[in-house]
Amino acid sequence: MHKGFWVTSDASTTDHAQLAALLFPHIDKTPADWLAHYPPRPLPPGAFVTRYAPSPTGFVHIGSIYASLVARRAAHQTGGVFFLRIEDTDKKREQDGSIEKIVANMINFGLQPDEGIVQVNPEIELGAYAPYTQSERVEIYETFAKDLVARGLAYPAFDTDAELDAMRRAQEAQNAKPGYYGEWARWRSASLEQVRAKLEAGERPAIRVRAPYPNAAHIQLEDEIRGFIDMPANDTDAVLLKSSNRLPTYHFAHVVDDTLMRVNLVTRGDEWLPSVPLHLQLFSYIGQPAPKFAHIAPIAKMDGTARRKLSKRKDPEADMTYYYQAGYPEQAVTEYLLNLANSSFQDWRRDNPRTPNHAFGFSIHKMGVAPPLFDLVKLNDISKNVIATFSAAEVYGLVQTWANKHDPRIAAVLAADPAYSEAVFNVERMTASPRKDIVNWSDVERAVGFFFDPLFADAVARDGYPMPEYPRQVITAILDHVAGFDPAQPKEIWLAEMRTFAEAHGFARDAKTYKQAPDQFHGHFGDMMMVVRVGLTARTNTPDLHEIMHTLGTERVRARIAQARAYMSSDAQMN
RNA sequence: GGUCCCAUCGUCUAGAGGCCCAGGACGAAGCCCUUUCAAGGCUUAAACGCGGGUUCGAAUCCCGCUGGGAUCACCA
């Protein structure tokens, strides 16, 4: 066969050892040394050691926060450890500032790792299993690779990109299975001399695992989320160490690092499921037990009729900056994610409205296997409820922080009178059933903007007054009456007094009376109150009127009335 | 194409042979309460992809089909 142009017999044991020495002359350690250097963790039985292992590509995906949340809860609920490991083995995709972004996001969302980089500027790395950055662990990977080569379980391959491309095309043409395996694997059985010649010519090989081929065996695993899975064992010679930069591929780094860092529960996206046979093979080759696996379904979105993974290219909500910009409280995003992970969270939250969510008994086994659809409406609902539990001072502080960064105009307006701002956020808040009208911080202007004169002026300039259509003198009479508002007057008295006024000015005292003889009235009491509402706020939906007036204060109430009257006489569109 | 995974209301899901003519939540509609807007309370519409088995009995077990997804890189 042409493809096996270097047909040599399998090298002997001594040849393997020589090959290893030839490839890794600078490595004098053995896997046992590293295993001893990173001993098993003194943890209670059943404690999970988990990690979040992102690549620093400059983008924090909501799926990453989701995965961290799951990993951290799984660890901490069992008295274990959760750490952060930076997987920077692809230098081409790396972007500056990524690590800062990752760490900042984890801290923001209460997902601080126990080990790894826990702080940046200045950088602080914690933990006894350091370094937690893969590019700083090359000696470790090379030690394990050398050992594999010495035992004939891995070998150098000098194929160029062009050769690999040609191979793939040939395989496609022949309808053969794609990949580097069996007889297609040209360097599988190269002689020591052939390797030496390439090395002397200055070429650098990739190190590939020598997988059994053909391989009829099957692997089994009990996934923590998916249960029992059976798959054909691996038979392709995957790259372990890349020729380009000598750094490990994900597969090898995962096996070596998770072994050495004593991870016993690997939580990761389910796109890794197909490479589990390779991983299991590698764990077995290095003679170490495989950890448990929990393959998480990705958060998805509808694209036409197909459901697909949330994409950083197409979906703004995939990027965490979306949530910061919109001003969702971290707690809301966390609880939404918790709800996706364990739908029983909603029942728990209903039964424990004020308990911090870390008290929720999260269960990795209860996670769904199908990709859930991202649902902004649900997030909004959760967010509204979360915000309703905050005090006025908390809301004010959070809005101010958000506005300083994302909306300077709102920030200035709120800062102009802090006491007033806080009073605004207190409207209908500390009651048995607090008002739930703020979805996120960017929604604050819509919800309560009318309280603030500059924002109110903008809204009027933009939308005018949505005043109901009654004779002008009726409206002005109502407004003039309201101008005499006394903040000291209790709500009930004020309402009774307004009702009397309504009856004296052509409005039915209640809806029932009005319905019985609609042609005898302008409208009913509620209709009249709408005039008051619009006159004061230029809005048709607002909180309780008495509270609004109380908060606005006499002066502002009078000014608003005057403004409404002026607008009416100047604007022909208002009756 | 190979391999693997998945399939209950529009959405998130509960459901591990009888408790299910399928339950909850969001969303939708309606009613009540109410000065209004919310909230809250009550009510309604809304689902087991299809076909075969197994069983006295299936959303639940088995097989097939269909549909979707993931993956098959010196990216992770």
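Lettering of chains follows the sequences in order, A, B, ..., and the numbering in each one begins at 1. This is a predicted model, so every value here is computed, not measured.
For A25(B), the OP1/OP2 oxygens have no side-chain nitrogen or oxygen of Ser343(A) closer than 4.0 Å.
Distances from the side chain of Ser244(A) to the nucleotides A39(B), C12(B), C74(B) place C74(B) closest. Closest to the Leu273(A) side chain, of the nucleotides G24(B), C37(B), C5(B), is C5(B). Distances were taken from every side-chain heavy atom of Thr249(A) (C-beta onward) to each of G24(B), C12(B), C74(B); the shortest belongs to C74(B). Residue Lys242(A) has its side chain nearest to C75(B) when only U13(B), C75(B), A39(B) are considered. Checking C75(B), A25(B), G40(B) against the side-chain heavy atoms of Gln346(A) singles out A25(B) as nearest. When distances run from any side-chain atom of Glu271(A) to the nucleotides U11(B), A38(B), A76(B), the shortest one goes to A76(B). Comparing A76(B), G24(B), G27(B) by their closest approach to the side chain of Arg350(A) singles out G24(B). In the set C74(B), U13(B), C5(B), the nucleotide with an atom closest to the side chain of Arg168(A) is C74(B). Taking the side chain of Lys436(A) as heavy atoms from C-beta on, and the options C4(B), C37(B), A39(B), the nearest nucleotide is A39(B). Closest approach to the Pro274(A) side chain among C12(B), A38(B), A70(B) is made by A70(B) (side chain taken as heavy atoms from C-beta onward).
Salt bridge present: Arg186(A) and Glu163(A) bring a charged side-chain N and a carboxylate O closer than 4.0 Å. Residues Lys301(A) and Glu317(A) are paired through a salt bridge, judged by an N-O separation under 4.0 Å between the basic side chain and the carboxylate. Taking a cutoff of 4.0 Å between a charged side-chain nitrogen and a carboxylate oxygen, Arg85(A) and Glu87(A) qualify as a salt bridge. We find that Lys378(A) and Asp381(A) are not joined by a salt bridge, their nearest charged nitrogen and carboxylate oxygen being 4.0 Å or further apart.
Base pairing annotation: G1(B) forms a Watson-Crick or G-U wobble pair with C72(B), both donor-acceptor distances under 3.5 Å. Nucleotide C19(B): unpaired (no Watson-Crick or G-U wobble partner with both distances less than 3.5 Å). The pairing partner recorded for C33(B) is none, the criterion being a Watson-Crick or G-U wobble arrangement whose two distances lie under 3.5 angstrom. Applying the Watson-Crick and G-U wobble criteria (two distances, each under 3.5 Å), C26(B) pairs with G10(B). For A45(B), there is no paired nucleotide, since no Watson-Crick or G-U wobble pair has both relevant distances below 3.5 Å.
If you check every strand for non-hydrogen atoms under 4.0 Å, Ser275(A) touches nothing. Using a 4.0 Å heavy-atom criterion, one finds that Lys491(A) contacts the bases of the nucleic acid, with or without backbone contacts as well. Across all strands shown, Thr57(A) has no heavy atoms under 4.0 Å from either base or sugar-phosphate atoms. Counting any heavy atom pair closer than 4.0 Å across all strands shown, Arg93(A) reaches a base atom. Residue Gly179(A) is classed as having no contact, given no heavy-atom separation below 4.0 Å to the nucleic acid. Here Arg539(A) lies out of heavy-atom contact (under 4.0 Å) with every strand. The residue Ile382(A) sits apart from the nucleic acid: no heavy atom pair falls under 4.0 Å. Among the atoms of the strands shown, base atoms are found under 4.0 Å from some heavy atom of Asp159(A). Here Phe525(A) lies in heavy-atom contact (under 4.0 Å) with sugar-phosphate atoms only.
Ring pair His546(A)/Trp494(A) is tilted by interplanar angle, where 30° to 60° counts as tilted. Using cut-offs of 30° and 60° on the angle between ring planes, the pair His279(A) and Trp272(A) is tilted. Ring geometry for Phe360(A) versus Phe345(A): interplanar angle over 60°, hence perpendicular rather than tilted (30 to 60°).
Taking atom CD on Glu547(A) and atom P on A39(B), their separation rounds to 16 Å, with Å as the unit. In this structure, CD of Glu172(A) is placed 11 Å from P of A73(B), rounded to the nearest angstrom. Rounded to a whole Å, the CG atom of Asp443(A) is 19 Å from the P atom of C37(B). With rounding to whole Å, Met231(A) atom CE is found 8 Å from C4(B) atom P. In this entry the distance linking NE2 of His295(A) with C1' of U71(B) reads 12 Å, nearest Å. Rounded to an integer number of Å, the gap from CG of Leu337(A) to P of C26(B) is 19 Å. Remark: P of A38(B) and CZ of Arg446(A) are 10 Å apart, rounded to the nearest angstrom. When the P atom of A7(B) is taken as reference, atom CE of Met302(A) falls 16 Å away, rounded to whole Å.
Proximity of a side-chain donor or acceptor of Asp510(A) to a complementary backbone N or O of Thr513(A) within less than 3.5 Å is detected.
Spacing of C1' atoms, C9(B) relative to C5(B), comes out at 24 Å, to the nearest Å. Spacing between U60(B) and C19(B) at atom P, rounded to whole Å, works out to 13 Å. The separation of A25(B) from G40(B), taken at their P atoms, amounts to 11 Å, rounded to a whole angstrom. To the nearest whole angstrom, the two C1' atoms, one in A70(B) and one in A76(B), are 15 Å apart. Separating the C1' atom of C4(B) from that of G41(B) is a span of 49 Å, rounded to the nearest Å. Distance noted for atom C1' between C63(B) and U54(B): 11 Å (whole Å). When the C1' atom is used for both G27(B) and U11(B), the distance is 8 Å, rounded to whole Å. A gap of 43 Å separates the C1' atoms of G23(B) and G1(B), to the nearest Å.
Judged by the 6.0 Å and 45° rule, Lys146(A) forms no cation-pi pair with Phe144(A). Taking the ring axis of Phe59(A) as reference, the NZ or CZ atom of Lys312(A) stays within 45° of it and closer than 6.0 Å to the ring centre.
Thr89(A) places none of its side-chain heavy atoms less than 4.5 Å from the side chain of Tyr250(A).
Rounding to the nearest 0.5 Å places CG of Asp443(A) at 9.0 Å from OG of Ser383(A).
Both Asp270(A) and Asp381(A) lie near RNA chain B, and the one whose nearest nucleotide falls closer to the 5' end is Asp381(A).
Residues from residues 369-379 of chain A with heavy atoms under 4.0 angstrom of RNA chain B, sorted by number: Val369(A), Ala370(A), Pro372(A), Leu373(A), Asp375(A), Val377(A), Lys378(A).
The base of C37(B) sits with one of its N or O atoms less than 3.5 Å from a complementary donor or acceptor on the side chain of Arg435(A). Residue-to-nucleotide contacts include a donor-acceptor pair under 3.5 Å from the side chain of Ser243(A) to the base of C74(B).
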